[in-house]
Every structure is written in C-alpha cells, then in structure tokens.
Amino acid sequence: MHLYVHVPFCARRCSYCDFAIAVRRNVPSAEFTGRVLAEWEAGQSAPWWSEVGPIETIYFGGGTPSQLDAAAIGQLLDGIRRRRPVAARAEITLEANPEDVTPALVAAWARAGVNRVSLGVQSFAPNVLEWMHRVHGPEQPARAVAALREGGIGNLSVDLIYAVPDTLGRDWRADFDRALALMPDHLSLYGLTVEARTPLGRWVDRGAAHPADESRAAQEYLEANARLRAAGFEHYEVSNAGRPGFHSRHNLAYWTRAPYLGLGPSAHSAVGTRRWWNVRDWSKYRVAEPGREVAGDEHLTPDQVRLEALYLGLRTRSGVAASMLPENLINQWIDAGWASRVGSQVGLTPDGWLRLDALVTQAAGA
Ligand code: SF4
C-alpha cells in the first residue's frame with residue numbers, strides 16, 4: 001500500500017501551474033493536519049483494507065508541503081502510524097521549495113521520519129525564475145541542499161523544467177550543470193506545457209508568450225538524457241532519472257498499478273480496478289464531512305485496464321510485456337529507434353518517450 005497526502009498551500013501561483021492549490025500568506029497548518037487525519041480516521045472502515053499490505057511509501061506532495069509548520073508532518077505521520085503499519089524501511093518523501101528549507105524545518109522532518117526530499121528548483125536563471133513566478137532566487141537551491149544533507153536527508157531529488165520560451169534566452173546546458181553540481185540522487189525533468197486557466201495560458205492566448213517549438217523541446221530532452229547517463233544516472237521513466245538504488249519507490253507504485261490511497265483535496269486513490277478522487281478545492285474539502293470528501297469514482301473496464309497498463313508501463317524503461325503488443329508494431333517501433341526489446345519486455349527509448357502519447361494511441365488501437 002502507498003499513501004499520498006496532497007498539501008494544497010503555495011506562497012504564490014507559478015505561471016504554468018494548474019494544480020489544485022490554495023495561495024495563502026498564513027498557512028492553516030493545524031486545521032489542515034486535523035482535517036486530513038479526520039479523513040484518514042473515517043477511511044479506516046473501508047473494506048478494501050483487507051486487500052492491501054503495510055504502507056511501503058508515503059508522499060507529501062502539493063502544492064507546497066514545506067509551507068506547513070514544523071510540527072505538521074510529524075503529527076500527520078504519527079496519526080497515520082497509529083492506525084496502520086508503516087514498513088520499517090518505508091520511503092517517506094516530502095516536496096519542498098528551496099526558499100522554505102531551514103535547518104530547523106529539516107530537523108523536524110527528519111525526526112518525523114521523512115527520508116527523501118524532492119526540491120522544486122526548475123531553473124537557476126534569475127529571469128526564468130521570475131517569469132515562472134517562482135519565489136526563490138538562483139542561490140537558494142544550493143543553500144537548501146546543504147541544509148537537507150546536514151540534516152540527514154540521504155535521498156534528494158531535484159526538479160527541472162525544460163523547453164521554456166526562446167525569448168527568455170535560457171541556457172539549458174548551464175542550468176543542467178548547476179543542477180548536477182548539487183549532487184542530487186534523483187532528477188525529474190518536466191517539459192513546460194501550456195495549460196488553460198494559468199497565467200501562461202493567458203499570455204499565450206494574447207500572444208505575449210510563445211511556447212518553445214517541438215524540435216527544441218526534443219533537443220533539450222535528449223541532451224538531458226545523454227548527460228544524465230554520462231553522470232551515472234539511470235533514466236528509468238519518461239520524466240525521471242536516478243542513481244542506482246535511488247529510483248522513486250512511490251512513483252514506481254503508480255506506474256506498476258500498485259494500490260494507493262490519496263488524502264487531502266484533489267487526491268486520487270486506486271485499489272484494484274476502483275478509482276476515486278476527492279473534491280479539488282481546499283475551501284470545499286475543509287468543510288466536507290469526514291468520510292464524504294469523494295467527488296467521483298469509477299470502476300475500470302477490462303479495456304481501460306489494458307490502456308492504463310500500456311500507458312503506465314510504456315512510461316517506464318522496463319516497458320510492457322511484448323505479448324501486450326502486436327509483433328509488427330514492435331518491429332516498426334524498434335526499426336524507428338523508438339523502442340527496444342529486453343527478454344520478454346518492450347520498452348521505449350528516449351526518442352520513443354518524446355512521442356509517448358502517439359505510440360500509446362497506436363498500441364491501444366492495434
Ligand atoms: S509551487 Fe508547485 S504547486 Fe505551487 S504554484 Fe508553483 S508549481 Fe504549482
């Protein structure tokens with residue numbers, strides 16, 4: 001079993017972000033902690049608990065979990081452990097923004113059991129950070145990493161965004177070098193996408209911003225892949241690379257369709273073929289009766305299960321069983337340099353990952 005806790009609070013909305021967040025100057029940590037634990041308590045009577053094992057990973061995502069006060073993560077983990085066994089070697093991840101990280105906060109997280117931190121760096125270029133509406137400056141990631149390492153966080157991931165507009169003049173290679181110089185154990189790479197109802201979406205609509213073209217996005221992605229491999233990382237999923245032994249166990253649970261429970265506004269859950277998701281907004285979630293946070297649910301049909309297994313499997317380097325794909329399609333992909341076969345598995349290459357959606361559509365219709 002895997003647990004996700006969505007912490008919706010952010011200091012400011014980033015220009016590209018369409019996540020379920022609540023911008024707050026004063027974060028209501030105690031109210032949030034109490035409300036999430038009420039959802040946790042109410043969910044203890046769910047019949048599916050008998051189908052799942054101990055909790056192997058816990059992930060505090062957001063939003064910005066590092067915006068919560070020092071006591072909150074410990075209180076949440078204590079409440080979780082009071083009700084369900086958490087594996088002794090569980091991976092417990094917290095997403096943090098560089099400007100929030102202080103030695104005192106790191107000490108509180110480590111005491112609570114957090115052993116992995118994912119740091120939202122995105123870029124080191126001052127004009128890019130400003131354009132993204134990020135709160136931190138170019139020097140804060142290094143200070144945050146030093147505090148995290150000194151505080152005993154032995155598993156550190158860094159997020160970077162590639163394919164920002166040409167007009168920003170961003171030097172991708174220089175940004176990438178600075179990220180590697182932080183000596184992270186794991187690196188997540190996200191291509192900038194334009195979502196409606198975001199500041200970036202509005203800038204693009206009125207012609208004030210122009211997304212990078214596909215060829216530059218591909219060039220930056222493939223360059224990152226080559227440099228990660230040269231630096232000893234394994235690019236094990238379309239957006240993720242880790243040193244050996246440092247792949248994200250929590251995310252691997254999603255990609256291998258293991259059961260997971262999401263707590264907090266907008267959190268999604270999956271057990272067997274059942275999927276359900278909570279109300280999106282904190283303002284609605286906070287007043288919902290505990291146990292009645294769910295906004296929708298569905299049971300996957302066998303066709304949907306196959307599609308989900310294809311899409312999630314092809315995201316990973318280990319891919320899917322060759323028996324899930326027609327032989328002529330596999331050969332076509334291999335000839336084009338988009339896939340490779342290892343034993344009975346077929347996985348996409350980085351060139352294949354660049355066209356992941358199209359290849360999944362092709363496979364689903366085959
Ligand atoms: S910090 Fe993360 S969740 Fe918050 S607005 Fe920025 S990208 Fe979105």
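Fair warning: this is a prediction, and the values are worked out from it, not measured in the lab. The figures that follow rest on heavy atoms only: side chains count, while hydrogens, waters and symmetry mates do not. Remember, it's 1-based here, ligands and their atoms both numbered in the order they're listed.
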E298 and R275: CA distance, side-chain angles, deciding distance, salt bridge (charged side-chain N to carboxylate O under 4.0 Å, His left out) verdict: CA-CA 5 Å; E298 63 178 346; R275 305 283 178 269; over 6 Å; no
Within 45° cone of W49 ring axis and under 6.0 Å: R84 NZ or CZ: yes
Contact atoms of ligand 1, heavy-atom distance to C10 under 4.0 Å: 1 (S), 3 (S), 4 (Fe), 5 (S)
Pi-cation contact, F32 with R286 (under 6.0 Å, within 45°): no
Those atoms of ligand 1 less than 4.0 Å from some heavy atom in Y16: 7 (S)
No-hydrogen, no-angle side-chain donor-acceptor test under 3.5 Å, D18 and T198: no
cation_pi(R355, W353) dist<6.0 Å, angle<=45: no
Region of C14 that comes within reach of ligand 1 [heavy atoms, distance under 4.0 Å]: both
Numbered atoms and elements of ligand 1 in range of T64, under 4.0 angstrom, heavy atoms: 1 (S), 4 (Fe)
4.0 Å heavy-atom contact, G63 with ligand 1: yes
Non-hydrogen atom of M132 closer than 4.0 Å to ligand 1: no
Test item, H133 contacting ligand 1 (heavy atom, 4.0 angstrom): no
Proximal atoms of ligand 1 relative to R134 (non-hydrogen, under 4.0 Å): 1 (S), 6 (Fe), 7 (S)
Element-labelled atoms of ligand 1 that are located less than 4.0 Å from some non-hydrogen atom of R12: 5 (S)
Side chain to side chain donor-acceptor pair (under 3.5 Å) between N278 and E39, intermediate numbers included: CA-CA 10 Å; N278 283 354; E39 182 188 358; 2.8 Å; yes
Under 4.0 Å to a heavy atom of I21 - the qualifying atoms of ligand 1, by number: 3 (S), 5 (S)
Proximal ligand 1 atoms for N97, defined as those under 4.0 Å from one of its heavy atoms: 1 (S)
E234 and H247: side chain donor to acceptor below 3.5 Å: yes
Nearest-contact summary for atom 8 (Fe) of ligand 1 - protein heavy atom, Å: C17 SG, 2.3 Å
Identified side chain to side chain contact (heavy atoms under 4.5 Å, CB included) partner of D159 from the options Q122, E95, H186: Q122
